[in-house]
Number of protein chains: 2
Amino acid sequence: MARPRTPLLNRERIVAAALRLIDEEGLAALSTRRLAAELSVSGPSLYNHFATKDEILDAVVDTVIGEVDLSMFGADGPPWPQALRDWARSYRAALAAHPNIVPVLAQGPGRRPNALRLADAVFGHLVDAGWPRGQATRIGALMRYFVTGSALASFAAGFPADAGVYDAADYPHLGEAHRLAGHGGRVDEGAFETGLEALLDGLALRFERLVARP
Amino acid sequence: MARPRTPLLNRERIVAAALRLIDEEGLAALSTRRLAAELSVSGPSLYNHFATKDEILDAVVDTVIGEVDLSMFGADGPPWPQALRDWARSYRAALAAHPNIVPVLAQGPGRRPNALRLADAVFGHLVDAGWPRGQATRIGALMRYFVTGSALASFAAGFPADAGVYDAADYPHLGEAHRLAGHGGRVDEGAFETGLEALLDGLALRFERLVARP
DNA sequence: ACCTGAACACCGTTCAAGT
DNA sequence: ACCTGAACACCGTTCAAGT
């Protein structure tokens, strides 16, 4: 077969297969040959739809970012602390569903439309709420730090379940660390919520000081 | 030449060359062949010192983690908020000096001794300071989220310097975003400090409540 | 326009051969 | 013990050839 009457591939199908491969086997498993095989075509076929493998990755990343809810930044949304809370939860949920792609996505928006829309919505909402532009930029940055960091990898799963690793002579306080991996999601969920609320409290404190002496 | 009288390679030299390569050209530039060439040996020579490329990467990561100052968690260190502040700054500085390796390092301590020592020191200090063990775990996790997220990539550099990217119709609030990349370090530094202080304020609030009703 | 196989310069790793 | 070249099964990408 050379050219089929209806195309075998399109960008959407390629992106979906790439994301599935990354989710199930990691970023390193995404090769153009492997991806093509999943789609039952030969490797070079992909180059009819994307110029490079990096462009495929870019499209995957923007698809994931597109899942983040931004509706709380609309005109009749909640006050900024609640909007930030709702957004951070949705942001983390979208990223944590695809942890293997977070290192790519954390490089910043680049020219990806969904990522730029997200940055625009957060910054705009904070400025409209009364934050000075410089502060609004910093809040956008520090929220991304926290959310990407929390989605990049599970804290709990980073500790081997093998109790033999934690020699009491070397690590006197890690005697229970081998049980962390078992608690998995709950530890990370709790840490994210604690950190988010602490951040919001700290920011609210700064906002009060800002309004008190403008 | 087959076996030289004094070995051409050792683990230290390999790790140093690997880190230099990663810093200067990114994680993708680290191939065993390329690394071997930097050390003026043939590719397979590396396998006399490490079993796999992943083991080399592990050693690189633990070297970087080893640069983090943990002295503030000693017996006569400062109270926990100041210790956490000093540690977070040193942690970020060590990681931000090698951003390309952060995605690897963020996977958790695994069996790497310096990473386990770090986790042990933070957790032990918080528990000794009076935090319940569950809370201390969460604080260790959320601090890692924030620090790795802030070291993974520059927020400012993620926005293209090309003003043409930010079409006012699509992104009404990003009119000045093209200037971010120029401000580079200062934006990220400010965001990190703001986030760190906000987090510490929020945690202090929680600690007060904890002590008030034990 | 959209697919193919062949080809190029790369990978990580194994292994027999050298000293 | 520690290095080498050859070899294997992989990579991303280009390109001429097919319909």
Side-chain angles (χ1 to χ4, degrees), chain A residues 1-62 100-101 103-105 107 110 112, chain B residues 1-62 100-101 103-105 107 110 112:
Chain A
M1 165 218 340
R3 171 156 115 92
R5 276 191 277 92
T6 80
L8 296 174
L9 294 180
N10 57 54
R11 292 174 64 101
E12 242 180 30
R13 286 196 60 226
I14 294 171
V15 167
L19 183 54
R20 196 173 348 104
L21 204 48
I22 291 168
D23 284 345
E24 289 172 8
E25 308 189 33
L27 204 54
L30 182 77
S31 74
T32 55
R33 285 165 147 102
R34 179 73 198 285
L35 175 56
E38 298 279 333
L39 293 160
S40 306
V41 297
S42 80
S45 301
L46 301 169
Y47 291 85
N48 286 297
H49 304 270
F50 290 95
T52 62
K53 180 182 162 181
D54 267 356
E55 267 194 19
I56 300 178
L57 219 44
D58 239 44
V60 171
V61 164
D62 214 38
N100 296 332
I101 201 140
V104 183
L105 163 162
Q107 299 306 311
R112 289 180 271 101
Chain B
M1 166 216 342
R3 172 156 114 92
R5 276 192 277 94
T6 79
L8 295 173
L9 293 180
N10 58 51
R11 292 172 65 101
E12 241 180 31
R13 286 196 60 225
I14 294 170
V15 168
L19 182 54
R20 196 172 349 106
L21 204 48
I22 292 167
D23 284 344
E24 289 172 8
E25 308 190 31
L27 204 53
L30 182 76
S31 74
T32 55
R33 286 167 148 100
R34 178 73 198 285
L35 175 56
E38 299 278 334
L39 293 159
S40 306
V41 297
S42 81
S45 301
L46 300 169
Y47 290 86
N48 287 296
H49 303 271
F50 290 95
T52 62
K53 180 184 163 180
D54 267 357
E55 269 194 19
I56 300 178
L57 219 45
D58 240 44
V60 171
V61 165
D62 214 38
N100 296 333
I101 201 140
V104 183
L105 162 164
Q107 299 305 310
R112 290 180 268 102

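Below, chain A is the first sequence line, B the second, and so on; all start at residue 1. Because only heavy atoms are used, hydrogens play no part in the values below, and waters and symmetry mates are left out as well, while side chains stay in.
Rounded to an integer number of Å, the gap from CZ of B:Arg11 to P of D:dC2 is 12 Å. Going from atom CD of B:Glu25 over to atom P of C:dC10 covers 14 Å, rounded to whole Å. Rounded to whole Å, the distance from CG on A:Leu35 to C1' on C:dC3 is 15 Å. Counting to the nearest Å, the P atom of D:dA9 and the CZ atom of A:Arg34 are 18 Å from each other. C:dA1 atom P lies 16 Å from atom CG of A:Leu9, rounded to whole Å. Note: CG (B:Leu57) to P (C:dT13) measures 11 Å, nearest angstrom. Rounded to an integer number of Å, the gap from A:Leu39 CG to C:dT4 C1' is 16 Å. Rounded to an integer number of Å, the gap from CZ of A:Arg13 to P of C:dC2 is 14 Å.
Residue-level contact check: B:Thr32 touches the bases, meaning some heavy atom is under 4.0 Å from a base atom. Within the nucleic acid shown, A:Leu46 has no heavy atom closer than 4.0 Å to any nucleic acid atom. Within 4.0 Å (heavy atoms only), A:Leu30 reaches sugar-phosphate atoms of the nucleic acid but no base atom.
Mapping B:Asn48 and A:Ala29 onto DNA chain D by nearest heavy atom places B:Asn48 at the nucleotide closer to the 5' end.
With C:dC11, C:dC3, D:dT13 as the choices, the nucleotide that has an atom nearest any side-chain atom of A:Arg33 turns out to be D:dT13. Listed nucleotides: D:dC3, C:dG5, D:dT4. Nearest to the side chain of B:Ser42: D:dT4. Listed nucleotides D:dG12, C:dG5, D:dC3 differ in distance to B:Leu8; the shortest reach to its side chain belongs to D:dC3.
Here the straight-line distance linking atom NZ of A:Lys53 with atom CG of A:Leu30 works out to 5.0 Å at 0.5 Å rounding. Here the CG atom belonging to B:Leu19 is positioned 12.5 Å from the CD1 atom belonging to B:Ile56, to the nearest 0.5 angstrom. Of the inter-residue distances, the one linking A:Leu21 atom CG with A:Leu27 atom CG reads 10.0 Å to the nearest 0.5 angstrom.
At least one side-chain nitrogen or oxygen of B:His49 sits closer than 4.0 Å to the OP1 or OP2 atom of D:dC3. Note on B:Ser45: every side-chain N or O is 4.0 Å or more away from OP1 and OP2 of D:dC2.
The partner of D:dA1 is C:dT19, judged by Watson-Crick or G-U wobble contacts that both fall below 3.5 Å. Both distances falling under 3.5 Å, in either a Watson-Crick or a G-U wobble arrangement, place D:dA6 opposite C:dT14.
Residue-environment remark: CD (B:Glu55) exceeds the threshold of 12 foreign heavy atoms within 6.0 Å.
Below the 3.5 angstrom threshold, one finds no donor paired with an acceptor across the side chain of A:Arg3 and the base of D:dG18.
Closest heavy-atom contact between B:Arg13 and B:Leu39: NH2-CD2, 3.5 Å.
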